Amino acid sequence: QRSLASKGYLETITWSFTDSKVDNQFSKGEKEISIYNPISTDLNVLRRSIFSNLAIHLKKNQDRGYEELSIFEIGPTFFGKNPGEQQTVLGGLKSGKVNKKSWLDKERNIDVFDIKSDVIQTLLELGIEQKDLFVTDNTKNSYHPGRSGSITLKSEKGPHLAYFGEIHPGIIKDLDFKDPNIFGFEIFLKNIHEPNKKLRQSK
C-alpha cells in the first residue's frame, strides 16, 4: 500500500462481487462464478479479475471529469466457488496524461513504460532483486498484445510475479471509457515472499 501510494496511486476498497458484463470482458473463456441471491443485478458474480471493479470506478470518475487517475486495490480474485479457490492480487489502473499541470515539462499520454516502471519499482520495494526480474512479452486477453508484458522470477518458467500493459482496445470500446488511454498491472502476492525486514531501506 505504501509503495503504490508513494507513486501517486489512490487506494480503492470494493466488493468481491461485481457486474458479470464487466467481469466477462477481463476473463474471457473462464467459467463464471454466479451468486445465487445477489444484492443487485450489477453485483451478480464473484470477480475473476481485480480489474472488474477498478474499471467500473475508473469509468465513474472519468464520467465526472477526473481523467488523470491512478487507483489500486489489494483483494481476492476467484477461480472457483470452493473455499481456497482464490488468490490475493494487487491491481492498479492508470489513465490520462503525465505532466498536465507542469509548466516545465510537455504533457504527454501515459505509456507502457510508465506502468512498467511502476510495477518494477514496486517489486523492488517488496524485496525482489532487479537481477531476478525476468520480463517477457507474454500477455493475456485483457491487455493490448503489442503493448504489454509479464514478469516472472529468474526465468520464463519461474513463479509468475506480474502482468502490466495497456488495457485491450476492445475492452475500452465495449465499456465506453471517456479517455481511452488506460494502462493496468496485476501483481500476484502469493509468489512474493515476505521480505526480510533488514532489506528495507529507510529513507
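If you're wondering where the values come from, they're calculated on a predicted model, not measured in any experiment.
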Can you name the closest pair of heavy atoms from [X] and [Y] and give their distance?
X    : Y    : answer
G80  : I33  : N-CD1, 3.6 Å
F78  : S16  : CE1-CB, 3.7 Å
Q86  : P76  : NE2-CB, 3.7 Å
H160 : N191 : O-ND2, 2.6 Å
Y9   : L93  : CE2-O, 4.1 Å
I71  : L54  : CD1-O, 3.6 Å

Report, as yes or no, whether the 6.0 Å neighbourhood of atom [atom1] on [X] holds more than 12 heavy atoms from other residues, nucleotides or ligands.
X    : atom1 : value
F79  : CZ    : yes
K28  : NZ    : yes
K178 : NZ    : yes

- Task: Look at the side chain of K59 and the backbone N and O of D176, then say whether any donor-acceptor pair between them is shorter than 3.5 Å.
- Result: yes
- Message: I'd like to know if the side chain of D179 and the backbone of Q62 have a donor-acceptor N/O pair within less than 3.5 Å.
- Response: no
- Reported NZ-to-CZ distance for the pair K97 and R108, which is rounded to 0.5 angstrom: 11.0 Å
- In Å and rounded to the nearest 0.5 Å, what is the CG to NE2 distance from N141 to H168? 7.5 Å
- side-chain hydrogen bond (donor to acceptor under 3.5 Å, both in side chains) with R47: which of T18, T77, T14? T14
- Query: Using the ring of each side chain (for Trp, its six-membered ring), is Y163 parallel, tilted or perpendicular to F188, with breaks at 30° and 60°?
  - Reply: perpendicular
- Message: If we count only N and O atoms by modelled type, under 3.5 Å, do the side chains of D23 and S52 hold a donor and an acceptor together?
- Response: yes
